[in-house]
2 protein chains.
Amino acid sequence: MKKTDATAPAGPPRDTDELWSSTLAAETPFLLARARALVVKGSNQVLRELGLNVRTFSLLWLTTEDYSPTQRQLSDFLDLDPSQIVALIDSLESQGLVERRLNPADRRMRQIVATTRGRKLLTKARAAVDESTARTLGALSADQQDQLRELLLAVNQATPYYE
Amino acid sequence: MKKTDATAPAGPPRDTDELWSSTLAAETPFLLARARALVVKGSNQVLRELGLNVRTFSLLWLTTEDYSPTQRQLSDFLDLDPSQIVALIDSLESQGLVERRLNPADRRMRQIVATTRGRKLLTKARAAVDESTARTLGALSADQQDQLRELLLAVNQATPYYE
DNA sequence: ACCAATTCGTTGAACTTGTCAATCATTACG
DNA sequence: CGTAATGATTGACAAGTTCAACGAATTGGT
């Protein structure tokens, strides 16, 4: 049930089927990378009309749950350079979705918190991303989707970033 | 058994643990992206000393199994712009790992085939990547690793790239 | 209480990737 | 035979990554 149907929908029916028979196409790393690309692509597509992308979406999410994370924490957690965090927050802040709060106890740190507007937008964005993801993972049953999540969770929890 | 041990190994023990409690950290898209990042990072690390990276590695792989793929096929299959394929093959060709063969039947197409040197290098590279991946997925049993692969395969086969 | 070292956020530069339009050679099609 | 389409290539530009340096603030040792 791949792309081998007579009624090709949009793009021209290119013959990559051959390459799907390669041994590479059966390797977990390859499948993992491609699955992630599919999910990200779908998510970015629905997030675009909300003025977000996967990056800003994730960042906004993390600021809506009363952790009030520091930019350094966000940098470590998302495995992004501190300077990238600066740019992303600049963007979100200029849209009035988050704000930087100086930590009074340690005035080097800025804690990032979502505004009301940011929280509202995130709600919409989560719904859109959920729907997109459900479509992308649609080939799996609910149980299988749970299994997948659990397996990925185990992998993630076992391995810190700095190895 | 995460990074919450008293004997922190290398990097400074930053407190991202808080953020691991966020709901984002339990979402499949997030876990998928991060697992992929871990696998890619590990692979690139061991591939670097062979003069490769995941990109060139995958490309080389696809040229060693008698499919003799076209650059267009590689572009579609790997979801890379045709111009990126040009650059990647230029790189591999300059190292004597692959060569472009004009298709006599249709002289617009160049079929990419690995040289003997390329095949030998790929063998080494596959071993290195296998080992690295085994380490990254080490928290999963063999059965679980199979499950993971099957689930990812299902997702991939269900969804073509142009959606 | 002081000074050195460290941390956080920020800026800017260099570099790699991603995206897209234009072009040339070649083939397909009316 | 001529127009359209395709594969590969080039070059321009935007977006993302990596890294070094810096100012402000804090920590720790002496």
Side-chain angles (χ1 to χ4, degrees), chain A residues 8 11-16 33 36-37 40-41 44-45 47-48 51-59 63 68-94 98-113 161-162, chain B residues 11-16 33 36-37 40-41 44-45 47-48 51-56 58-59 63 68-94 98-113 161-162:
Chain A
R14 225 88 81 164
D15 65 335
T16 56
R36 173 259 182 187
V40 168
K41 213 168 258 202
N44 273 331
Q45 209 164 305
L47 284 173
R48 188 165 31 229
L52 297 173
N53 56 40
V54 192
R55 285 285 169 76
T56 49
F57 171 68
S58 305
L59 222 153
T63 63
S68 307
T70 282
Q71 295 186 208
R72 165 60 71 182
Q73 284 178 304
L74 293 169
S75 167
D76 288 342
F77 186 66
L78 297 175
D79 194 34
L80 294 175
D81 192 86
S83 60
Q84 292 181 279
I85 302 290
V86 170
L88 290 171
I89 296 186
D90 281 351
S91 164
L92 286 173
E93 200 176 30
S94 73
V98 304
E99 51 184 43
R100 291 178 227 236
R101 290 198 185 150
L102 266 188
N103 180 335
D106 185 338
R107 309 211 316 284
R108 285 172 300 184
M109 312 181 183
R110 288 110 205 269
Q111 305 191 213
I112 312 302
V113 295
Y161 255 135
Y162 37 90
Chain B
R14 225 89 79 165
D15 63 337
T16 58
R36 173 259 182 188
V40 167
K41 213 167 257 203
N44 273 332
Q45 209 164 306
L47 284 173
R48 188 166 31 233
L52 297 173
N53 55 39
V54 275
R55 283 287 169 76
T56 49
S58 305
L59 223 152
T63 63
S68 306
T70 286
Q71 295 186 209
R72 165 60 73 181
Q73 285 178 303
L74 294 168
S75 167
D76 289 342
F77 187 67
L78 297 176
D79 194 35
L80 294 175
D81 191 86
S83 59
Q84 290 182 279
I85 302 290
V86 170
L88 290 171
I89 296 185
D90 281 351
S91 164
L92 286 173
E93 199 175 32
S94 74
V98 304
E99 51 185 41
R100 292 179 227 236
R101 289 199 186 151
L102 267 188
N103 180 336
D106 184 340
R107 309 212 315 285
R108 285 172 300 185
M109 312 181 184
R110 286 112 206 266
Q111 304 189 213
I112 312 303
V113 296
Y161 255 134
Y162 38 90

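We name chains A, B, ... by the order of the sequence lines, and we start the count at 1 in each one.
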Short N/O separations, protein against nucleotides 13-16 of chain D, under 3.5 angstrom:
none

Would you tabulate the pairs of protein nitrogen or oxygen atoms and nucleotide nitrogen or oxygen atoms of nucleotides 26-30 of chain C closer than 3.5 angstrom?
unit_1	atom_1	unit_2	atom_2	d
dT26(C)	OP1	Arg107(B)	NH2	3.4
dT26(C)	O2	Arg108(B)	NH1	3.4
dT27(C)	OP1	Arg107(B)	N	2.9

- Could I get the full list of side chain to side chain donor-acceptor pair (under 3.5 Å) partners for Thr56(B), not counting sequence neighbours? Asn53(B)

- Item | Between dT10(C) (P) and Leu88(A) (CG): distance, integer Å | 12 Å

- Query: Do Ser75(B) side-chain atoms and Leu80(B) backbone N/O form a donor-acceptor pair below 3.5 Å?
  - Reply: yes

- Task: Please tell me which of the listed nucleotides, dT17(D), dT10(D), dT10(C), lies nearest to the side chain of Val86(B)?
- Result: dT10(D)

- For Val54(A), side-chain contact (heavy atoms from CB on, under 4.5 Å) partners two or more places apart: Val40(A), Ser43(A), Asn44(A), Ser58(A)

- Message: For the CZ atom of Arg55(B) and the CG atom of Leu78(B), what is their distance to the nearest 0.5 Å?
- Response: 8.0 Å

- Query: Within a strict 4.5 Å, meaning less than it, do heavy atoms of the Glu99(A) and Ile112(A) side chains meet?
  - Reply: no

- Under the side chain to side chain donor-acceptor pair (under 3.5 Å) rule, collect the residues that match up with Ser91(B), sequence neighbours excluded. Gln95(B)

- Within the structure shown, what part of the strands sits under 4.0 Å from Thr70(A) by heavy-atom distance: base, sugar-phosphate, or nothing? sugar-phosphate

- Task: Check every atom of dG9(C), dT10(D), dT17(D) against the side chain of Arg72(A) and return the nucleotide holding the closest atom.
- Result: dG9(C)

- Message: A side-chain contact here means heavy atoms from C-beta on lying under 4.5 Å apart; do Leu59(A) and Leu74(A) qualify?
- Response: yes

- Whole-Å distance between dG9(C) P and Leu59(A) CG? 12 Å

- Item | Qualifying residues under salt bridge (charged side-chain N to carboxylate O under 4.0 Å, His left out), relative to Asp81(B), sequence neighbours excluded | none

- Message: Arg100(B): which residues meet the side chain to side chain donor-acceptor pair (under 3.5 Å) condition with it, sequence neighbours left out?
- Response: Gln71(B), Asp90(B), Glu93(B)

- Item | Below 4.0 Å: OP1/OP2 of dC8(C) and any side-chain N or O of Gln73(A) | no

- Message: Measure CD1/Ile85(A) against P/dT17(D) and give the value in whole Å, please.
- Response: 11 Å

- Message: Rounding to an integer number of Å, can you tell me how far Arg100(B) CZ sits from dG7(D) P?
- Response: 16 Å

Kindly give the atom pairs (protein nitrogen or oxygen, nucleotide nitrogen or oxygen) under 3.5 Å for nucleotides 19-21 of chain D.
unit_1	atom_1	unit_2	atom_2	d
dC19(D)	N4	Asp81(A)	OD2	3.3
dC19(D)	N4	Ser83(A)	OG	3.1

- Tell me, please, which residues at least two apart from Thr70(A) pass side-chain contact (heavy atoms from CB on, under 4.5 Å). Arg72(A), Gln73(A), Met109(A), Gln111(A)

